[in-house]
Amino acid sequence: MSEASTGRAADHQPAKLTRRDRYAQQTRRDLLSAALDCFSTQGYVATSLTDIGRRAAVTRGAVYHHFDNKQALFEAVLLDQLATSVASLRAATTGDDAPERATTALNAFLDLCTREPFRTVVLEQGPIALGWHRWRELDQAHTLLVITEHLRALAKAGVIAIEVTEVLTRLFYACLHEAGDLVAHAPVDQRDDIRQQAVDIVLRFLAGLTPGSEADPH
């Protein structure tokens, strides 16, 4: 092997992390875990960076080394929750049957909306901590991808007879989030019934997009 090729191979090898780098990564993970616990149990407003640092067993200075302020730390926690939720939804929806995958994804999403810490951190505290517009921007950056994937799969399979446009995905996004919010905040003794109603209605919406189901505009 020539010196040039050896050099190119070396250039592509990842640099080894120093002890300080590993410590910094672990501290950041500890902070995110502690912040998730605090935000999900105490809420955003009632949680301080001191609370989080104490739970993570780090100094306030260490907190500020990784995050500029409490809002930046919350946003990092929220992004972790969104990425994890998207990964779990994709893992739950495998197979070649597009309608079955879509139904499974719908059920999995509504289940997710009732679980902690997703319910409290993402659905309740997110708009409070970041403001509605920033929260929605982050949520859509993750959720719209999954919705678009399923709608395109349904269209490709001939299950729905409508072009998958941004208008369709955003309207369906709004529908799903209203369903999720409804199920997440339903009384426990009514949750299963409301969840089933939501699933049935959303599937009826999709059924209205099937070939031959369009209403005559005249």
Apart from V167 itself, its cluster of hydrophobic side chains linked below 4.5 Å comprises L171
Test side chain to side chain donor-acceptor pair (under 3.5 Å) applied to [X] - qualifying residues, sequence neighbours left out:
X: T94; value: none
X: Y23; value: none
X: R119; value: E116, E124
X: Q71; value: none

Side-chain atoms of residues 156-164: list all donor-acceptor pairs with protein atoms under 3.5 Å, sequence neighbours left out, distances to 0.1 Å.
none

Donor on one side chain, acceptor on other, T47 and Q42, under 3.5 Å | yes
Donor-acceptor side-chain pairing of Q196 and D192 below 3.5 angstrom | no
Sorted by chain and number, sequence neighbours left out, salt bridge (Lys or Arg N to Asp or Glu O under 4.0 Å) with R134 holds for E75, E137
List in chain and number order the residues that pass ring pair (Phe, Tyr, Trp, His ring centres under 6.0 Å) with F109, two or more places apart in sequence or in another chain; answer none if no residue qualifies.
-> H177
Mind jotting down which residue pairs meet the side-chain hydrogen bond (donor to acceptor under 3.5 Å, both in side chains) criterion with at least one end in residues 97-112? Sequence neighbours excluded, please.
-> N107-R195, D111-R195
For [range], pull every pair meeting salt bridge (Lys or Arg N to Asp or Glu O under 4.0 Å), keeping only residues two or more places apart or in separate chains.
range: residues 79-94; answer: R90-E149
range: residues 164-188; answer: E166-R170
range: residues 54-71; answer: D51-R54

